Structures are given as structure tokens and as C-alpha cells.
Amino acid sequence: MKIASFNINGIKARIEALTNWLAGADVDVVVLQEIKSVDEGFPREHFSDLGWNVETHGQKGFNGVAILSRLPLEDVSRGLPGDDSDEQARYIEATVVGDQAVRLAGLYLPNGNPVPGPKYDYKLAWMERLRHRAAELLALEMPVVMLGDYNVIPEARDAAKPEKWVDDALFLPQSRAALRAIQWQGWTDAIRIRDPWAQRGPFTFWDYQAGAWNRDDGIRIDHLLLSPQAADLMVETGIDREARAGEKPSDHVPVWVRLAA
DNA sequence: ATGGTCGAGGTTCGA
């Protein structure tokens, strides 16, 4: 089972690039972030006609997450538990049924800028809620993949120019500590363990501004965290970097893991 | 050191 995450930065603007990537990526399931669409505005038929099961959790204008799957999806739930007043569409869970059942949590973690301010407070509170949910998912003792745009640069080596990010919500010590608190519950960072001692990179996001892609001025903020039962099934993982060089690209590229499931 | 791009929705905000 090949599982991917892709922040597409607008489904209407990215329908062609996403469709082309899906045709060549050989993925079974992909979680999407920043669909920037209400559920009724998502081109559901376009993807269902191509053989994808579609589950969305959208809102008007901003945010929004979705799952496309060639395999059956069960027990879909929308929204991150822990705050009934939170109306931002940033989280969706589903169980994918292959040879084994795999629980997926697709997430779009708040950006948090500017700092300080209510947006950063919301980011840290959201991460605390995610930590609680992550502990519940680990307690299932089943293969779980928690993946998406975490909007956190874990370490200095995850940025081409870390000095640019020192005052940014994506790299502040509190943000990184909150991510570590989740990881240290027992999650495996699938992309990092490909090359544990890398001194720089790999990256998953390059800003549209100032020629960041051409300078390879990237950061790693899209992550795949695997429960121990999922990590035991991991056979391959990767980043589809070439997607950033295509026509009308997103500013993020897909990240993926293949499980023997 | 400097300059500066997208998307969505509606003339501005979020990233």
C-alpha cells in the first residue's frame, strides 16, 4: 500500500497537476491539504470517474483537507478532537483496507505566523490537541500513518537557510518541542530515516517568492509519522521533488511511504 | 543586500 501526502494549494488551480501526478505516482491513497474549497466545490466526480474514492473536509476560501483512495475507506471522521468551537477544516481520519487495515490521519497544522499573537497561540493549542489524539492512535496498536503539512521545521538541517527561520512560527523552539513531544511518543519520521545522518535536507516546500525553487532554498515541513506497527511494514519512502518543476506547481511536493500492507 | 508569488474571492488576506 503506497500512501502519500500532498499540499496542493487550491484544488481548482491544481486539478490538472494533481491528475497528472496521480496518473504516474502509483499511489493507493493520498491525503490532500489546502484544498481551499467547500465540500460541494470539490471536483468529486472528476476523481471518482478516474476510480478514486473521495472524502473531503472543506471550508470556504482557506484550509480544507481530503482523501483520495483506490482502496475502500472506512470509519471516516472529520475534525481534530479536543475543541468543539474550532471551525477550521484541518484534519480527517479514515481506515484504508488493503491486505491489512491502516488508519490514516491527514492533517494541515496551523502556520502560526505572525508571532506572537492569536495565530501562534492557536497553533500551539492545536498541537497539544494533536498530541492527545496521537496517543489515542498509538493505543490502537495497529498500523497508523499520521501525515500531512505539519508547518514545523524539525531541525536546522531541515532548512536550506535555517537563519532565515529563527523568528518564524515554523521553526521557533516551542513549535519544534511540540512536534518532538508527539514524535517521542513512539512515532517514526519516515522521510528522515531514509538518510538519518544527512547534514542538509531533503526538502518538501519551496516558496513561490524570490526564486526559492531555483536556488533550492527549501524546507522540510511535510511529514509522515508511523506508529510502530506501521513502521514494521515500511518498505520504501520518498519525495516526488520533480513535481515542483512541473507546470503550475504547488509550492509543496508529495511525500510518500509504501507499506507491506 | 535586495526583491518579492501565488490562490481564492471579491478589491484583501493567508501563506
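So that the names make sense, note that chain A is the first sequence line, chain B the second, and so on, each numbered from 1. Given the structure is predicted, the values throughout are model-derived calculations rather than measurements.
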Whole angstrom value for the distance that separates [atom2] of [N] from [atom1] of [X]:
X: N113(A); N: dC13(B); atom1: CG; atom2: C1'; value: 14 Å
X: N151(A); N: dG14(B); atom1: CG; atom2: C1'; value: 11 Å
X: R215(A); N: dG3(B); atom1: CZ; atom2: P; value: 13 Å
X: D217(A); N: dG4(B); atom1: CG; atom2: C1'; value: 13 Å
X: N7(A); N: dA15(B); atom1: CG; atom2: C1'; value: 10 Å
X: E163(A); N: dA1(B); atom1: CD; atom2: P; value: 12 Å

Answer with yes or no whether the side chains of [Y] and [X] bring together a donor and an acceptor at under 3.5 Å.
X: Q185(A); Y: W187(A); value: yes
X: T204(A); Y: D222(A); value: yes
X: D240(A); Y: W21(A); value: yes
X: W213(A); Y: D207(A); value: no

Rounded distance in Å between the [atom1] positions of [N] and [M]:
N: dG7(B); M: dG3(B); atom1: P; value: 24 Å
N: dG14(B); M: dG9(B); atom1: P; value: 14 Å
N: dA15(B); M: dG4(B); atom1: C1'; value: 14 Å

Looking across every strand, which nucleic acid part, if any, lies under 4.0 Å from R244(A) by heavy atom: base, sugar-phosphate, or nothing?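 Since no nucleic acid heavy atom lies under 4.0 Å of R244(A), the category is nothing.
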Does Y108(A) reach a base, just sugar-phosphate, or nothing at all? Heavy atoms under 4.0 Å. sugar-phosphate
So, the side chain of S175(A) versus the backbone of L170(A): is there a donor-acceptor pair under 3.5 Å, distance only?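 No, because the side chain of S175(A) does not come within donor-acceptor range (under 3.5 Å) of the backbone of L170(A).
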Ion pair check, E93(A) and R133(A), cut-off under 4.0 Å: yes
Summarise protein proximity over nucleotides 5-10 of chain B in one line of letters, 5' to 3': B for base, S for sugar-phosphate only, - for none, counting protein heavy atoms closer than 4.0 Å. BSBSSS
Flag this pair as yes if the NZ/CZ of R78(A) is under 6.0 angstrom from the six-membered ring centre of Y91(A) and inside a 45 degree cone about the axis; otherwise no.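 Pair R78(A)/Y91(A) does not count as cation-pi.
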If you assign each of G211(A) and E34(A) to its closest nucleotide in DNA chain B, which residue comes earlier from the 5' end?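 Final value for this comparison: G211(A).
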